[in-house]
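Below is one structure, written out as structure tokens; comments come after it.
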Amino acid sequence: MLDRSKDAKPYDPKPVEAARLAAWDAAKLSRSAPRAGAKPFTIVIPPPNVTGALHIGHALNNTLQDVLIRHHRLSGDEACWVPGTDHGGIATQNVMEKQLKAEGTDRRSMGREAFNDRMQAWTRDCKKTILGQLHRLGCSLDWEREAFTMDEARAKAVYAAFKALWEKVLVYRGERLVNWCVKDGTALSDTEVEREERKGALYHIHYPLEGGGEGVVVATTRPITMFGDTAVAVNPKDLRWKHMVGKKVLIPFIDRAIPVIEDSYVEFEFGTGALKVTPAHDQNDWEIGERHKLAAIKAIGPDGKLTEAAGPYAGLSREKAQDQIVADLEAKGFLRKKEDHKSAVQTCYRCGSVIEPLLSLQWFVKQIELAKPALKAFDAGEFKIYPEERGKPYRDWLVNIRDWCVSRQIWWGHRIPVWYNGDSKPVVSLESPGAGWTQDTDVLDTWFSSALWPLAVFGWPDRTADLAYYYPTSTLVTGYEILFLWVARMQMMGLAFENKVPFADAVIHGIVRDKSGKKMSKSLGNVIDPLVMMDKYGTDALRFALMAQAHPGKDIPFDEQMVVGARNFVNKLWNSTRFVLMNLPELAPAKGYRLEQLAHCCLELSDAWILSRYAATLEKAKAHFTAYEPAAAADALYSFLRDDYCDWYIELAKERLAGIDGEAKEAARTILVQVLAGTLKALHPIMPFVTEELYASIKEFAGESAPFLLTAGYQTLDYDWSNPEAEREMAKVMSAVSSIRSLRSQLNVPPGLKLKAAATGPFAEAVLGKHRAYVSSLARLDGLTAASGGLPPQNGTAVADGVTFYVPLAGVVDFDKERERLAKDLAKAEGDIEKCEAKLKNLSSAPNVPAEKLDEAKAQRDAAAAKRAKLQETLAALS
RNA sequence: GCCCAGUUGGCGCAGUGGUAGCGCGUUCCCUUGACAUGGGAAAGGUCACAGGUUCAAAUCCUGUACUGGGCACCA
């Protein structure tokens, strides 16, 4: 707890964070259990893959969630945040394979069982690291609910889901063209494939006529697939090739004869107008093959090497074969033309290597039946995506959905629970059905188990009390890169198995980029480690920096300077609390300093003003948090604390705090304490550590006894402190003070020098009367009088809103400078008036303008005109 | 090719109809009893461009350009 006398002036986050975490853990503060009468607010974490440590993107993702969880806890909801990790399929297996390679071994020589043991051990370590990092980040996760996508309970859910789909005939096995990653040795789903444009060539190759003579020239980017060709197709309307239709041509080198067929898929303009058809290696060709009952010949094997079908080239790798074949085609005169060509290549989202479309036997989940309810729920508004514009691609994807390939030829994952026995019908079973049965060797796509996450973490398929209370969950927070991979699939599965959307809202955030907007990557060396940031500036600073820029759906260009700024803000908070404490008695009054004890009639302007601003800020912050706009909440709280509370209110309160008027002192103390306590609470979702620490040190003075800020809940105001009148009045005082400060600064009046000033104008009476102390102290005036008669000689003039000050400056300043300054102010005033006049003219000529607006515009114009008049007068007197 | 988003002071970003804001940076002044991780003052923008709607447009509409992203692709 902050000690007003001993503590260092700069805030030191390390010991505070450690102590707070220990206290929260001991109290199980983030634990949640079903509570009758309370509204649940539930989030399931997007489980990080157990591939290593968390990066800055995870820090963003999880801070966003923690902000929501803490916000809802403070609002009185039963907030529950479920932690967990994902086994991560291919990604994790790849990490392990790299390790093994470094050790000079590989998974095949270890065997499946030993490999899985090794993976389990790695997973244990990795989970510890990840959960430790989340803990350090301050995430108020319900640690007792920790789940893993491959633990026993989740395995049960996976099996139940697979079985249910099997029974509904929504999962099937079949030989289809799939995306094959040669490097990872597995099939991938369509969503796991990325595309990138690459420069390549388009080869025009001559396929001679069977029996000799000129045949057909086809154009292809991939000559190596020619050994899998089973036809050449031309457009039925293409007269150029009409004479070839029905004839047979020979594939170079292997001389296999294939027919020339007609298919309207073929474009006239592209290449030669003749398309080589390779059903086993191209989606479109596959479809042509279906239409014409063509055979599918595999020219490339799962290992990426050419098959026996490639005759002399069998056994060569894709890359080597391509070069070799092109060279040979050229040498033998088959290559008629080679032109530059850009084409989109498909790559594996995990390893980046080029995907090979390959015909193979895989498991698929039928999607249309599952997508329908998801589409319906989305269109009915039962499921919303924030920001809204992210919804459209989601919807489009569901509409154009294709079956989901769920089998993976890797070892790390949920083994497909299907058993085979010769020609017997395969059965679904967790255990072996008996002697002679062997289990499918493939595992399920890691996203299959992820899709069940919101169900599985609450015990589904069992009818648990948790499931009844927490499901459907409230909000899912994730990045846009897994909208289809994960979000859509959870919606489909949740609706399929529980007939309810798994979460009502999905908050889609951007990715954290580097300072210049580039994607962070190890190879670029621009990666930011969240732990390093926490060590350097404190966790609250990192969280605040991220939240201050977390505009819905937008990427964040991460500049360390932002964390420095946030650190400074945390420090400001720390020191303002120190200041408040220093001005409080040793012991708190029995009931603390409570707003309800304030005698409203005795409030000063600054009191009424800060309370009005305070009430508005709290409402704003809460509304922004609820609307998933943390940046707006952070901004509102930041400027309130800095600009209103510290720069004005504290400065104005100093007079009363130092004075001898007991009642006035108590009023100032009360407001200082209450406003600070309420602001700390409002900031708590973003900066849990420092706010908890500071709250602990003032809560007694605030008359509160809850053990933790989080359990105390948000400050509720039982009186409407909104006071537009006070805000307007205060704005004039600020204007008066600023005008003199500006004059002092621009004329280089020494800051220590107290000035005399004479005031005139409609607001002068207030400045000389009830606001005299404010203006005198903040503008450092000594003797403030009413201006009498004409302009005093040798004076500077400060023109404010409603009041003008004449400041005698004989011998203090250079009057040329003052003239210059005034001239500049005058020019600005002229501009203001022009704009005001224009607006007024518009408003008065328009038909439906409320009188209120018109009055406002008039007042603006009058104020500007008064200012101009004053400046002109003064300038004239000076020249 | 289709769709979406962005284009605002040196940099990064807010701002959904009424005289352009914030953070960082820059310049000047200030170690005054909370805080120099601070305070005060200041410079700096015809809000990408062209039309339109409106009394009034950074804001709404249309189009163009550029940037980023998604989807679909002609092999």
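Just so it is clear: chains get the letters A, B, ... in the order the sequence lines come, proteins before strands, and each one is counted from 1.
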Quick one: does A/Lys9 reach the base of B/C35 with a side-chain donor-acceptor pair under 3.5 Å?
no

Please report the distance separating the C1' of B/U46 from the corresponding atom of B/A41, rounded so that it comes out in whole Å.
27 Å

Would you call the rings of A/Phe484 and A/Trp397 parallel, tilted or perpendicular, where under 30° means parallel and over 60° means perpendicular?
parallel

Does A/Lys654 reach a base, just sugar-phosphate, or nothing at all? Heavy atoms under 4.0 Å.
base

We want to know whether A/Glu560 and A/Tyr537 form a side-chain donor-acceptor pair, criterion being a heavy-atom distance below 3.5 angstrom.
yes

Test: A/Arg402 cationic atom under 6.0 Å from A/Trp286 six-membered ring centre, within 45° of axis:
no

Any base atoms under 4.0 Å from A/Val580, or only sugar-phosphate, or nothing? Heavy atoms, all strands.
nothing

Which of B/C55, B/G38, B/A34 is nearest the side chain of A/Glu651? It is B/A34

Identify whether any heavy atom of A/His281 sits under 4.0 Å from a base atom; if not, whether one sits that close to sugar-phosphate; answer base, sugar-phosphate or nothing.
nothing

So which heavy atom on A/Leu843 is nearest to which on A/Ala857, and how close?
CD1-CB, 3.6 Å

Row check, A/Phe579 ring normal vs A/Lys654 NZ/CZ: under 6.0 Å, within 45°:
yes

Would you say B/G38 has OP1 or OP2 under 4.0 Å from some side-chain N or O of A/Asn571?
no

Any residue meeting side-chain hydrogen bond (donor to acceptor under 3.5 Å, both in side chains) with A/Lys858, in chain and number order, not counting sequence neighbours:
none

Hey, which sits more toward the 5' end of RNA chain B by its nearest nucleotide, A/Lys515 or A/His341?
A/Lys515

Describe the nucleic acid contact of A/Asn284 in one word from base, sugar-phosphate, nothing, applying a heavy-atom distance below 4.0 Å.
sugar-phosphate

Quick check against the 3.5 Å criterion: does A/Arg744 have a side-chain atom that pairs as donor or acceptor with the backbone of A/Leu753?
yes

A/Glu339/A/His204 under side-chain hydrogen bond (donor to acceptor under 3.5 Å, both in side chains): CA gap, chis, key distance, verdict:
CA-CA 8 Å; A/Glu339 54 188 343; A/His204 294 233; 2.9 Å; yes

Treating a pair as Watson-Crick (purine N1 to pyrimidine N3 plus N6-O4 or O6-N4) or G-U wobble (N1-O2 and O6-N3) with both distances under 3.5 Å, list the stems of 3 or more consecutive pairs that involve RNA chain B.
B:1-7 with B:65-71, B:10-13 with B:21-24, B:26-30 with B:38-42, B:48-52 with B:60-64

Taking the C1' atom of each, how far is B/G15 from B/U7, in whole Å?
15 Å

Need one value for A/Thr221: base, sugar-phosphate or nothing, where a base atom within 4.0 Å counts as base even if backbone is also close, heavy atoms only.
sugar-phosphate

What interatomic distance, in whole Å, is found between C1' of B/G68 and the corresponding atom of B/G21?
25 Å

Where the side chain of A/Gln549 is concerned, which of B/G12, B/G70, B/A34 is the nearest nucleotide?
B/G12

What nitrogen or oxygen pairs link the protein and nucleotides 2-4 of chain B at under 3.5 Å?
from : atom 1 : to       : atom 2 : distance (Å)
B/C3 : O3'    : A/Lys392 : NZ     : 3.3

Check nucleotides 14-19 of chain B against the protein and report each pair of N or O atoms closer than 3.5 Å, with its distance, or say if there are none.
from  : atom 1 : to       : atom 2 : distance (Å)
B/A14 : OP1    : A/Lys554 : NZ     : 2.7
B/G18 : O2'    : A/Lys839 : NZ     : 2.4
B/G18 : N7     : A/Lys853 : NZ     : 3.4
B/U19 : OP2    : A/Lys839 : NZ     : 3.2
B/U19 : O2'    : A/Lys835 : NZ     : 3.2
B/U19 : O2     : A/Asp832 : OD1    : 3.3

Do A/Glu192 and A/Tyr349 have a side chain donor and acceptor closer than 3.5 Å?
yes

Find out whether A/Glu194 and A/Gln346 are in side-chain contact, i.e. whether some heavy atom of one side chain is under 4.5 Å from a heavy atom of the other.
no

Report yes or no: do A/Ser697 and A/Glu693 form a side-chain donor-acceptor pair below 3.5 Å?
no

Is the shortest side-chain N/O distance from A/Arg642 to OP1 or OP2 of B/G39 below 4.0 Å?
yes

Run A/His341 and A/Phe270 through ring-ring contact (aromatic ring centres under 6.0 Å, His included) and show every step you take.
CA-CA 11 Å; A/His341 180 74; A/Phe270 194 89; 5.6 Å; yes

Along RNA chain B (nearest heavy atom to each residue), the more 5'-positioned of A/Lys841 and A/Arg780
A/Arg780

When every nucleotide of nucleotides 40-48 of chain B is labelled 5' to 3' by its protein contacts under 4.0 Å (heavy atoms), B for base, S for sugar-phosphate only, - for none, what sequence of letters results?
BSSS-----

Can you tell me, in whole Å, how much space there is between the C1' of B/G12 and that of B/G44?
16 Å

For A/Tyr480, is the NZ or CZ atom of A/Arg390 found under 6.0 angstrom from the centre of its six-membered ring and inside 45 degrees of the ring axis?
yes

Residues in side-chain hydrogen bond (donor to acceptor under 3.5 Å, both in side chains) contact with A/Asp229, at least two apart in sequence or another chain
A/Tyr207, A/Lys276, A/Thr278

When you compare the side chains of A/Asn179 and A/Asp190, does any donor N or O come within less than 3.5 Å of an acceptor on the partner?
yes

Once you apply a heavy-atom cut-off of 4.0 Å, does A/Arg744 come out as touching a base, just sugar-phosphate, or nothing?
nothing

With a non-hydrogen cut-off below 4.0 angstrom, is A/Glu629 in contact with a base, only sugar-phosphate, or nothing?
nothing

